[in-house]
Amino acid sequence: MTKSVDTETMSVQVTLRHSSNHTSIEEYARTAVQSLARVFPGIISCHIILDHQKNDVEKNKLAEITVHVPQNVLVAKDAAAAYEPAVDACVDSLARQLQKHKEKMTQ
């Protein structure tokens with residue numbers, strides 16, 4: 001199930017795999033990704049994939065976030081016992097990647 005939301009700054013698409021009707025976690029992920037616009041305001045779009053892995057007992061919630069910026073695509077993946085920590089880890093990783101990308105562009 002994929003839902004897409006366009007804001008004034010970027011397009012955010014959320015895909016749920018092997019689960020359904022998690023509107024609270026979708027909103028959490030959208031809000032977390034919106035914070036990346038403060039690090040790098042030129043983000044074009046984001047695609048968030050939330051997946052429930054049945055083969056892993058401890059870290060069965062997988063989050064993957066793809067961020068499209070001009071001339072580059074950044075990706076972060078993480079697994080945790082719940083979606084929130086996985087999304088937070090991905091956002092932290094993407095914030096570092098965006099900061100490095102921003103520094104390279106200004107040089």
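Computed from a predicted model, the values in this text were never measured in an experiment. Note: hydrogens, waters and symmetry copies are ignored here, and every other heavy atom, side chains too, is used.
- In this structure, Glu103 does not pair ionically with Lys100, as no charged nitrogen and carboxylate oxygen lie closer than 4.0 Å.
- To the nearest 0.5 Å, atom CD of residue Glu26 and atom OG1 of residue Thr31 are 11.5 Å apart.
- Minimum heavy-atom separation, Ala89 to Asp78: CB-OD2, 2.7 Å.
- The backbone N or O of Ala63 lies less than 3.5 Å from no partner atom in the side chain of Lys77, so there is not a single donor-acceptor pair.
- Leu74 contributes atom CG, which lies 9.5 Å from atom NE2 of His68 (distance to the nearest 0.5 angstrom).
- One distance of note links OG1 of Thr15 with CD of Glu64; it measures 10.0 Å at 0.5 Å rounding.
- One distance of note links OH of Tyr28 with CD of Glu84; it measures 6.0 Å at 0.5 Å rounding.
- In this structure, Gln13 and Ile48 have side chains that are not in contact, with every pair of non-hydrogen atoms separated by 4.5 Å or more.
- Smallest separation of non-hydrogen atoms from Ala37 and Ile43: N-CD1, 4.1 Å.
- With values rounded to the nearest 0.5 angstrom, Leu50 atom CG is found 8.5 Å from Leu62 atom CG.
- The hydrophobic cluster containing Val75 does not contain Leu36, counting ILVMFWY residues as joined when their side-chain heavy atoms lie under 4.5 angstrom apart, directly or transitively.
- Side-chain contact between Tyr83 and Ser24 is absent, with no heavy atoms from C-beta onward closer than 4.5 Å.
- Of the N and O atoms on the side chains of Gln53 and Asp51, at least one donor lies less than 3.5 Å from an acceptor on the other residue.
- The shortest distance between side-chain heavy atoms of Ser35 and Val91 falls below 4.5 Å.
- When every heavy atom of Pro85 is checked against every heavy atom of Ala80, the shortest pair comes out as CB-CB, 4.1 Å.
- With sequence neighbours excluded, the residues that form a side-chain hydrogen bond (donor to acceptor under 3.5 Å, both in side chains) with His52 are Lys61.
- Side-chain contact between Ile65 and Val33 is present, with at least one heavy-atom pair separated by less than 4.5 Å.
- In this structure, Cys46 and Val67 approach most closely via the heavy-atom pair SG-CG2, 3.9 Å.
- Side-chain contact check for Thr66 versus Val73: some heavy-atom pair is nearer than 4.5 Å.
- For the pair Met10/Ile44, no side-chain contact is recorded, criterion being any heavy-atom separation below 4.5 Å from C-beta on.
- For Ser93, the side-chain hydrogen bond (donor to acceptor under 3.5 Å, both in side chains) partners at least two apart in sequence or on another chain are Gln97.
- The CD atom of Gln99 sits 13.0 Å away from the CG atom of Leu94 when rounded to the nearest 0.5 Å.
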